[in-house]
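Remember, it's 1-based here, ligands and their atoms both numbered in the order they're listed.
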Amino acid sequence: MSTIALQTLPGGSDAAKRLAVRLGLSCGEIAVHRFPDSELRVAVAPATDTTILYAPLDQPNDKLIALLFAAEALRRNGAKRLVLVAPYLCYMRQDAAFHAGEAISQRAMGALLATTVDRVVTVDAHLHRTTDIRLVFPGIEAENLSAMPAIANALATESIDPATIVIGPDMESEPWVNDIASRLRLQHTVARKTRHGDRSVAISFADPGLLAGRPALLVDDIVSSGTTLMAAAKALIAMGAAAVDAVVTHALFPPAMIVAFTGAGIRSIRSTDSVPHPTNAIALDDILAAALRSELTTTYLSETTP
Ligand SMILES: O=P(O)(O)OC[C@H]1O[C@@H](O)[C@H](O)[C@@H]1O
């Protein structure tokens, strides 16, 4: 009889438990001990034939090591199929050597994980130039799900001012804002963004008159330093926006920064639970469970196939 269960790295447990409940699976916790010299000791729960590894990979360096060690333990203890669920997938932004000598982190990370697991499921991975996630993970299955249906469903339960404009802070955000706007029947536009450094961006809009007196809903995939979001909010307010709210997939910023966002004129900020964060308001378990149901079918078939 084939077996399947979910195990989570520390930090993912609430969202992982919700996902496990949706799938009707047990949720084991992977124990990670840090030695005084910063090395890690990792202990997994009992392995199952198919093990779904839940790992939100924000602050990734330790988590990637813990993930490799967990995979080693699971394989050695009998896991035949490892499915990595990384709702936030790290190191996707450095997808080229922008300056001589730079590592292509996306390629190195993808190659490493492709030798570790059999399938990767993630959400709104930052694939601006590498459009097909299977190119990141050679030889294994990989899917990049969109959080936009979950975000739009959450927003649809509220009474949104029909004059609201959905705003993307750069050209790359166009598919997301287009999707949210069409689901909510709202107008949308995207800004032009020029990045001058990690914490320095310039934002401008082609039609500054569009926002006057209207609420703006900023949508982005990642908020890291918060520079993009704050620059966009300031530009919107300078153009006369009536209010600025923000919704993002991956909240990577320190929670204390919410005060700075308020100072920049952002009335509210919400995120999905891809990374545990005080702004979490939109659960991804529904879309993740839909993608993972095939694992249950595979397990069932292997039980019934002679
Ligand atoms: O400006 P911060 O928050 O540092 O970085 C996040 C932004 O940088 C882009 O890659 C993301 O798509 C997002 O727009």
task: Give a yes or no on whether a salt bridge exists between D179 and R183, defined as a side-chain N under 4.0 angstrom from a carboxylate O.
output: yes

task: Give the C-alpha distance, both sets of side-chain angles, the deciding distance and a yes or no for side-chain hydrogen bond (donor to acceptor under 3.5 Å, both in side chains) between Q106 and T130.
output: CA-CA 9 Å; Q106 182 190 89; T130 316; 2.8 Å; yes

- prompt: For atom 2 (P) of ligand 1, which protein heavy atom lies nearest, and how many Å away is it?
  reply: S225 OG, 3.4 Å

- prompt: How far is atom 11 (C) of ligand 1 from its nearest protein heavy atom, and which residue and atom name does that atom have?
  reply: D221 OD1, 3.4 Å

task: Could you list the atoms of ligand 1 found under 4.0 angstrom from a heavy atom of V223?
output: 3 (O)

query: Would you call the rings of F261 and F253 parallel, tilted or perpendicular if under 30° counts as parallel and over 60° as perpendicular?
result: perpendicular

field: Check: G226 N/O within less than 3.5 Å of ligand 1 N/O
entry: yes

field: N-O pairing of E158 and R270 below 4.0 Å
entry: yes

query: For K193, is at least one N or O under 3.5 Å away from an N or O on ligand 1?
result: yes

- prompt: So which bit of D170 gets within less than 4.0 Å of ligand 1, heavy atoms only: side chain, backbone, both or neither?
  reply: side chain

task: Quick one: look up the protein heavy atom nearest atom 10 (O) of ligand 1 and list residue, atom name and how far away it is.
output: H126 CE1, 3.0 Å

query: What protein heavy atom is closest to atom 13 (C) of ligand 1, reported as residue, atom name and distance in Å?
result: D220 OD2, 3.2 Å

message: Which residue and atom name correspond to the protein heavy atom nearest atom 1 (O) of ligand 1, and how close is it?
response: T228 OG1, 2.6 Å

message: For H33 and F35, take the angle between the two ring planes, folded into 0 to 90°, and tell me which bin it lands in: parallel under 30, tilted 30 to 60, perpendicular over 60.
response: perpendicular

query: Quick one: do R81 and E141 make a salt bridge, cutoff under 4.0 Å?
result: yes

- prompt: Starting from atom 6 (C) of ligand 1, which protein heavy atom do you reach first, and at what distance in Å?
  reply: I222 O, 3.3 Å

field: N-O pairing of R107 and D95 below 4.0 Å
entry: no

task: List the closest protein heavy-atom neighbour of atom 5 (O) of ligand 1: residue, atom name, distance to the nearest 0.1 Å.
output: R195 NH2, 3.4 Å

- prompt: Quick one: do K17 and D285 make a salt bridge, cutoff under 4.0 Å?
  reply: no

